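Everything on this sheet refers to the single structure shown next.
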Amino acid sequence: MLLEIEDIHVHYGKIGALKGVSIQVDEGEIVTLIGANGAGKTTTLKTISGLRPLTSGRITFEGQDISKVAGHVRVRRGIGQSPEGRGIFPGMTVQENLFMGSYARKDSPAKELAEVYELFPRLSERKDQVGGTMSGGEQQMLAIGRALMTKPKVLLLDEPSMGLAPLLVAQIFSIIKEINDRGTTVLLVEQNARQALQVAHRAYVLETGQVVKSAPAHELLDDPSVRAAYLGGD
Ligand code: ATP
């Protein structure tokens, strides 16, 4: 098991956002978390990357307990995150943004930079453009590219398709598949449940801070209650 989350509880003040969530991610998988607004998907990713502290429970990465390890150390160990809302540096160029992903590494990021430009030719064409002037879809690509520059073993993606036109949504999902085919494990949070389930191997359904279902992704595509709640019922 590459990443194991066991019975985690997370609070914002007194309010419990995660109430005993357990999730496993095996090497090579795409695992997706689906659920309504406020279910706790973002909080789960933030807790894995170390941006939110645990109240209780345990997170194990490559067999080691990382529950109390600082976020920047988790990045170095191989947990890369592309946050919701993208969080790129608007005043820096595309290439400078990408190098922000690799600044803490001691080895040369040249190979990853070439890979990012191969995956996202648009970023290569616009490497000297200031990040803040890129379109929504391009900024999303940049955020994913920056996370890839950390050379992650597992890539945490928070709503990568948010706010994008349908054509770009399809493109982002096919890039996620390509990233996984090239060997990176992916934990994907999505509102766009149908496409997430189509690209993922396994899925967890979160409701009000708890996992209510977990199954191979293709099974959930045919699950009547999932269809009714998350796939528009068709
Ligand atoms: P969405 O799809 O809307 O982003 P989500 O499933 O990612 O939803 P979270 O953002 O993880 O859900 O939120 C889980 C719960 O924690 C919600 O009830 C939310 O209101 C609460 N919450 C999230 N962030 C904070 C915060 N900074 N302060 C207080 N409560 C928060």
Side-chain angles (χ1 to χ4, degrees), residues 3-25 30-59 61 66-67 70-71 74-75 79-88 136-137 139-140 143-144 146-147 152 154-166 168-169 172-173 176 185-200 202-215 217 220-221 223 225-233:
L3 176 66
E4 188 162 18
I5 293 123
E6 293 169 87
D7 195 25
I8 61 171
H9 291 248
V10 174
H11 288 79
Y12 293 101
K14 284 193 179 132
I15 298 168
L18 300 184
K19 304 162 190 162
V21 168
S22 296
I23 288 169
Q24 299 185 332
V25 182
I30 299 179
V31 173
T32 187
L33 307 183
I34 61 171
N37 288 120
K41 306 180 298 297
T42 296
T43 302
T44 303
L45 291 194
K46 282 185 173 167
T47 309
I48 296 168
S49 57
L51 295 172
R52 291 295 316 170
L54 289 169
T55 310
S56 63
R58 184 162 61 164
I59 303 175
F61 184 64
I66 57 158
S67 311
R74 296 188 202 190
V75 175
I79 298 178
Q81 180 165 17
S82 174
E84 186 178 29
R86 297 159 196 150
I88 63 145
Q139 290 191 25
Q140 186 59 65
I144 298 173
R146 188 182 56 188
V154 62
L155 177 63
L156 313 179
L157 294 174
D158 196 353
E159 304 270 9
S161 77
M162 188 160 58
L164 302 185
L168 273 177
V169 172
I172 288 285
F173 278 102
I176 292 168
T185 304
V186 176
L187 180 56
L188 170 67
V189 158
E190 263 297 332
Q191 289 275 339
N192 199 332
R194 184 184 303 279
Q195 264 151 313
L197 291 174
Q198 281 164 349
V199 81
R202 289 188 308 110
Y204 293 82
V205 181
L206 275 184
E207 275 175 21
T208 56
Q210 289 179 311
V211 173
V212 293
K213 205 163 258 195
S214 70
L220 292 186
L221 278 171
D223 181 302
S225 64
V226 170
R227 290 174 78 97
Y230 304 109
L231 304 177

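What you see is a predicted model, and the numbers here were worked out from it, not measured in a lab. Ligands are counted one by one from 1 in listed order, and the atoms in each one are counted from 1 as well.
Scanning all protein heavy atoms for the shortest distance to atom 3 (O) of ligand 1 gives N37 ND2, 2.8 Å. Here the protein heavy atom with the shortest distance to atom 28 (N) of ligand 1 is Y12 CD2, 3.6 Å. Remark: minimum distance from atom 12 (O) of ligand 1 to any protein heavy atom is reached at G40 N, 3.2 Å. Summary of contacts: the protein heavy atom closest to atom 17 (C) of ligand 1 is G38 O, 3.7 Å.
The minimum heavy-atom distance linking L45 with L157 is given by the pair CD1-O, 3.6 Å. Nearest heavy atom pair, residue R74 against residue I59, reads NH1-CD1, 4.1 Å. Scanning all heavy atoms of the two residues, the minimum distance from S22 to D7 falls at OG-N, 2.8 Å. Nearest heavy atom pair, residue Q81 against residue A147, reads O-CB, 3.6 Å.
With a heavy-atom cut-off of 4.0 Å, Q191 touches ligand 1 through its side chain alone.
In this structure, OG in S49 is found 6.0 Å from CG in L156, a value given to the nearest 0.5 Å. With rounding to the nearest 0.5 angstrom, the CD1 atom of I8 is 5.5 Å from the CG atom of L54. Considering CG of N192 and OH of Y230, their distance stands at 14.5 Å, rounded to 0.5 Å.
At least one protein heavy atom sits closer than 4.0 Å to atom 5 (P) of ligand 1. Distance remark: protein heavy atom not present below 4.0 angstrom from atom 19 (C) of ligand 1.
Under the 4.0 angstrom criterion for non-hydrogen atoms, G35 is not in contact with ligand 1. Residue-ligand proximity: E159 is placed with a non-hydrogen atom under 4.0 Å from ligand 1. For the pair A36 and ligand 1, a heavy-atom separation below 4.0 Å is found.
Every atom of ligand 1 with a heavy atom of A17 under 4.0 Å away is listed here by number and element: 15 (C), 16 (O). Proximity to T42 (heavy-atom distance under 4.0 Å) selects the following atoms of ligand 1: 4 (O), 5 (P), 7 (O), 10 (O), 11 (O). Counting the atoms of ligand 1 from 1 in the order shown, those under 4.0 Å from a heavy atom of A39 are 5 (P), 6 (O), 12 (O). Of all atoms in ligand 1, listed by their number and element, those nearer than 4.0 Å to a heavy atom of T43 are 9 (P), 11 (O), 13 (O), 14 (C).
Using a distance-only test at 3.5 Å, with no hydrogens or angles considered, a donor-acceptor pair links the side chain of E190 to the main chain of S161.
Between T43 and the choices L51, V21, L18, the side-chain contact (heavy atoms from CB on, under 4.5 Å) rule is met once, by L18.
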